[in-house]
2 protein chains.
Amino acid sequence: MKKINALESDFDFKNCPVRKVLDRFGDKWSLLVLLILGKKETLRFNEINKAIGSDISQKMLTVTLRTLEADGFLIRTIYPEVPPRVEYTITNLGKSLVPLIDNLEQWAKSNMSAIEKSRDNFVKV
Amino acid sequence: MKKINALESDFDFKNCPVRKVLDRFGDKWSLLVLLILGKKETLRFNEINKAIGSDISQKMLTVTLRTLEADGFLIRTIYPEVPPRVEYTITNLGKSLVPLIDNLEQWAKSNMSAIEKSRDNFVKV
DNA sequence: CCGTATCCGCCTCGATACTG
DNA sequence: CAGTATCGAGGCGGATACGG
């Protein structure tokens, strides 16, 4: 249905991979959880909770973990004990994302303060 | 105000750089605009609009461009002509992000279909 | 051509209460 | 301990109409 103007050489952003990544990881907690599991490999629910620092609600942590599990970024193992024990282990797929997050982190550390300064000045003008 | 338990070795996610990046670029259009400008260096408003493919509203493109300008990712040049001409040029700061986006793009191309398949199966169970 | 202004739906996220 | 269920606020983004 889309007319491609040869002179415009339209990019293909209909199934843009970058867009897909943002749609999955642009949420508030997924990448943080992956980073944490990337360092510890396997953690229990409450350990992840404490690692984040109790800024996250129980509900959101549950939702985030379920979504990551559904996508194949971690494995959820339930031990039928009392009290219950549930462990989350990062997969190879999950690990493959960690270096990219590290890159983002490095970039942010190098540039983010300059960006924030720029934005502050811009608002004032 | 925060109690650090030595045994927990809490991560520092209060000013987490990754979180800052997501807060700035987790929106719908910023990275796409940067990618486009990364390829063409300088473009007019309507050229960017057409490159995206008219999925974006005029309002959102304006907001996105202003935010990117405020952050120092691009320069906005207004030519006092009739009809008006406005050109957007990517800065070095903007260019520095492009390789990272490319990395994300490559990762997505390699893994996103498997992820979507995993998610579909998960929902069905 | 390049915007601004306004209104409004949706969807994420947080707070709270309850459970096996 | 590790969830589930429900409600509600807030903000992003789309539609539309208008302006220099």
Side-chain angles (χ1 to χ4, degrees), chain A residues 5 8 13-14 16 19-33 36-37 42-71 74-89 122-123, chain B residues 5 7-8 13-14 16 19 21-33 36-37 42-71 74-89 122-123:
Chain A
N5 184 333
E8 295 287 349
F13 285 121
K14 302 308 165 188
C16 173
R19 187 95 293 286
K20 288 186 177 181
V21 172
L22 284 181
D23 285 342
R24 303 275 181 186
F25 298 106
D27 71 319
K28 198 166 180 180
W29 302 110
S30 292
L31 284 191
L32 297 184
V33 171
I36 292 170
L37 277 178
T42 297
L43 285 173
R44 300 182 60 172
F45 185 91
N46 264 354
E47 291 174 329
I48 300 173
N49 200 348
K50 290 177 183 173
I52 292 179
S54 72
D55 281 339
I56 190 173
S57 63
Q58 233 175 9
K59 171 195 163 188
M60 284 317 299
L61 183 52
T62 300
V63 170
T64 303
L65 288 169
R66 285 291 141 70
T67 308
L68 289 173
E69 184 196 7
D71 286 349
L74 54 81
I75 304 284
R76 180 166 170 257
T77 309
I78 308 173
Y79 296 91
E81 309 170 352
V82 178
R85 179 163 58 103
V86 180
E87 288 186 347
Y88 296 89
T89 304
F122 190 81
V123 173
Chain B
N5 184 332
L7 294 179
E8 295 289 347
F13 287 121
K14 302 308 166 188
C16 174
R19 188 97 291 286
V21 172
L22 284 181
D23 285 343
R24 303 277 180 183
F25 297 106
D27 70 321
K28 198 164 180 181
W29 302 109
S30 291
L31 284 190
L32 296 186
V33 171
I36 291 170
L37 276 178
T42 297
L43 286 173
R44 301 181 60 173
F45 185 91
N46 265 352
E47 291 173 331
I48 299 173
N49 201 346
K50 290 177 183 174
I52 292 179
S54 71
D55 282 338
I56 189 174
S57 63
Q58 233 176 9
K59 171 196 163 188
M60 285 316 298
L61 183 52
T62 301
V63 169
T64 302
L65 288 169
R66 284 292 140 68
T67 308
L68 289 173
E69 183 194 7
D71 286 350
L74 54 81
I75 304 285
R76 179 164 170 259
T77 311
I78 308 173
Y79 296 91
E81 308 172 351
V82 178
R85 177 163 59 103
V86 181
E87 288 187 348
Y88 296 89
T89 304
F122 190 80
V123 173

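Predicted, not measured: the structure shown is a model, and the values here were computed from it. Order of the sequence lines sets the chain letters (A, B, ...), proteins ahead of strands, with each chain counted from 1. The figures that follow rest on heavy atoms only: side chains count, while hydrogens, waters and symmetry mates do not.
Between the CD atom of B/Glu81 and the P atom of D/dG20 there is a distance of 20 Å, rounded to whole Å. Distance A/Leu61 CG to C/dT12 C1': 16 Å, rounded to the nearest Å. A straight line from CG of B/Asp23 to C1' of C/dT12 spans 13 Å, rounded to a whole angstrom. B/Ile48 places its CD1 atom 9 Å from the P atom of C/dC2, with the value rounded to the nearest Å. Between B/Leu32 atom CG and D/dG13 atom P there is a gap of 11 Å when expressed in whole angstrom units. D/dG14 atom P lies 10 Å from atom CG of B/Asp27, rounded to whole Å. Atom NZ of A/Lys28 is separated from atom C1' of C/dA15 by 13 Å (rounded to the nearest Å). When rounded to the nearest whole Å, the span between CZ of B/Arg24 and C1' of D/dC12 equals 16 Å.
The distance from the CG atom of B/Asp71 to the CZ atom of A/Phe122 is 9.5 Å, given to the nearest 0.5 Å. The structure places CG of A/Asp23 at 8.0 Å from NZ of B/Lys28, a figure rounded to the nearest 0.5 Å. Distance check, rounded to the nearest 0.5 Å: CD1 of B/Ile56 to CG of B/Leu61 gives 4.5 Å. Rounded to the nearest 0.5 angstrom, B/Leu37 CG and B/Thr42 OG1 are separated by 7.5 Å.
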Nucleotides 2-7 of chain D: which of its N/O atoms have a protein N/O under 3.5 Å away?
residue : atom : partner : partner atom : Å
D/dA2   : OP1  : A/Arg44 : NE           : 2.9
D/dA2   : OP1  : A/Arg44 : NH2          : 3.2
D/dA2   : OP2  : A/Asn46 : N            : 3.0
D/dA2   : N7   : A/Gln58 : NE2          : 3.4
D/dG3   : OP1  : A/Arg66 : NH2          : 2.6
D/dG3   : OP1  : A/Arg76 : NE           : 3.3
D/dG3   : OP1  : A/Arg76 : NH2          : 2.6
D/dG3   : OP2  : A/Tyr88 : OH           : 2.4
D/dG3   : N7   : A/Gln58 : OE1          : 3.0
D/dG3   : N7   : A/Gln58 : NE2          : 3.2
D/dG3   : O6   : A/Gln58 : OE1          : 3.1
D/dT4   : OP1  : A/Arg66 : NH1          : 3.1
D/dT4   : OP2  : A/Arg66 : NH1          : 3.3

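Legend: residues meeting salt bridge (Lys or Arg N to Asp or Glu O under 4.0 Å) with B/Arg44, ordered by chain and number and at least two apart, are absent.
Without hydrogens or angle criteria, B/Arg24 side chain to B/Leu68 main chain gives no donor-acceptor distance under 3.5 Å.
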